[in-house]
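See structure below.
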Amino acid sequence: MSRSLRHGALAATAIAFSIVSLSACAAGNHAETLKVRPDNAATSVGTVKVQNVNVITQADPEAEGPAVVAATLFNDGTENEVLESITLPGTDVQVKLQAAKGSGPVEVPAGGQLVLGGKGNASAVIAEGREATQDGNIQQVVFKLSRTGDVGLGATVVPAEGYYEDFGPSALPASPAPKPSATPDATGSATPETPAGETPATGESPAAGTEQGAPETATAGTTG
């Protein structure tokens with residue numbers, strides 16, 4: 001290979017390596033950024049954008065337990081927004097909101113974002129998960145914000161599998177198995193142990209002893 005061809009090959013390799021490096025930096029070092037993200041529901045009203053909205057149910061279709069609403073809310077305004085409630089039109093279920101710190105309002109900070117679902121984030125829990133909707137359906141979800149008002153869109157209902165596993169609800173704990181009880185014998189009562197060398201009692205009554213001694217007393221009286 002000539003010197004010019006070698007230089008050309010080295011230059012092409014360097015360019016390819018630079019492109020791969022830049023792509024990796026853009027994705028970030030966190031493993032979540034490297035996953036393929038589904039095309040989830042998104043919308044915007046005014047300065048508020050709502051993205052990645054899903055209703056996530058239990059991974060096991062037979063499992064009992066809550067469902068959750070997962071979403072990311074962005075606030076491009078200059079004032080904080082409070083997420084006052086989430087409703088699911090067409091159902092009677094309640095969605096319980098809880099801040100990431102466990103108490104206080106669920107806020108979308110000015111110039112920032114609010115993540116619903118996942119470890120360490122705020123949560124929106126539907127206690128009646130199986131009554132709300134079914135996997136594969138499109139469920140209307142309405143976010144009520146303190147300044148912007150209602151922001152609604154249709155979200156896909158999915159089980160907590162694959163990409164959604166880390167954002168899904170926890171299953172209810174299994175009921176403890178009942179403890180086994182002592183098994184009675186055939187007569188329904190416990191059989192006492194008999195000491196070694198002794199004959200077990202046969203249920204004789206005190207009168208039996210008197211009957212055994214009666215003939216001896218009668219014989220003695222006749223002899224005298």
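Remember, it's a predicted structure, so these values are computed and weren't measured experimentally.
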As a quick check of understanding, evaluate side-chain contact (heavy atoms from CB on, under 4.5 Å) for Asp150 and Phe143, giving each step before the final call. CA-CA 6 Å; Asp150 292 350; Phe143 300 83; over 6 Å; no
Given side-chain contact (heavy atoms from CB on, under 4.5 Å), test Glu79 with Arg147 step by step and report yes or no. CA-CA 9 Å; Glu79 300 287 343; Arg147 301 179 65 84; 3.5 Å; yes
(request) Please step through side chain to side chain donor-acceptor pair (under 3.5 Å) for the pair Thr156 and Asn54, ending with a clear verdict. (result) CA-CA 5 Å; Thr156 306; Asn54 287 101; 4.5 Å; no
Give the C-alpha distance, both sets of side-chain angles, the deciding distance and a yes or no for side-chain contact (heavy atoms from CB on, under 4.5 Å) between Val106 and Leu114. CA-CA 8 Å; Val106 179; Leu114 166 70; 3.5 Å; yes
Practice item. Starting from the C-alpha separation in whole Å, work towards a yes-or-no answer on side-chain contact (heavy atoms from CB on, under 4.5 Å) for Ile86 and Leu116. Key: CA-CA 11 Å; Ile86 296 178; Leu116 291 174; 3.8 Å; yes
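Of all non-hydrogen atoms in Gly117 and Asn121, the two that sit nearest each other are O-ND2, 2.8 Å. The shortest non-hydrogen separation linking Ala71 to Val53 is CB-CG2, 3.8 Å. Counting all heavy atoms, side chain and backbone alike, Pro66 lies closest to Gln58 at O-NE2, 2.9 Å. Across Ala160 and Gly168, no two heavy atoms sit closer than the pair CB-CA, 3.9 Å. Between Pro169 and Ala67 the shortest heavy-atom distance is CG-CA, 4.0 Å. Nearest approach of Thr72 to Asn52, heavy atoms of both residues: OG1-ND2, 4.0 Å.
Between the side chain of Thr91 and the main chain of Leu88, a donor-acceptor pair closer than 3.5 Å is present. A distance-only check finds a donor-acceptor pair linking the side chain of Asn75 to the backbone of Val108 [under 3.5 Å]. Although no hydrogens or angles enter the test, the distance criterion places no donor-acceptor pair under 3.5 Å between the side chain of Thr47 and the main chain of Asp76. Checked by atom type and distance alone, the side chain of Asn80 pairs as donor or acceptor with a backbone atom of Ala110 at under 3.5 Å. Here the side chain of Asn137 pairs no donor or acceptor atom with the backbone of Gln139 at under 3.5 angstrom. Between the side chain of Glu81 and the backbone N or O of Gly149, no donor-acceptor pair lies under 3.5 Å.
Residue Val93 is grouped with residue Val157 when hydrophobic side chains (ILVMFWY) are merged at heavy-atom distances under 4.5 angstrom, including chains of intermediate members. By the criterion of side-chain heavy atoms lying less than 4.5 angstrom apart, applied directly or through intervening Ile, Leu, Val, Met, Phe, Trp or Tyr residues, Val68 is not grouped with Val95; the two fall into different hydrophobic clusters.
For the pair Val48 and Phe74, the minimum side-chain heavy-atom distance is 4.5 Å or more. At a threshold of 4.5 Å between non-hydrogen side-chain atoms, the residues Ile126 and Val55 count as touching.
Atom CD of Gln94 sits in a sparse spot, with 12 or fewer heavy atoms from other residues, nucleotides or ligands closer than 6.0 Å. For Gln134, the CD atom is loosely surrounded, since the number of other residues' heavy atoms within 6.0 Å does not exceed 12.
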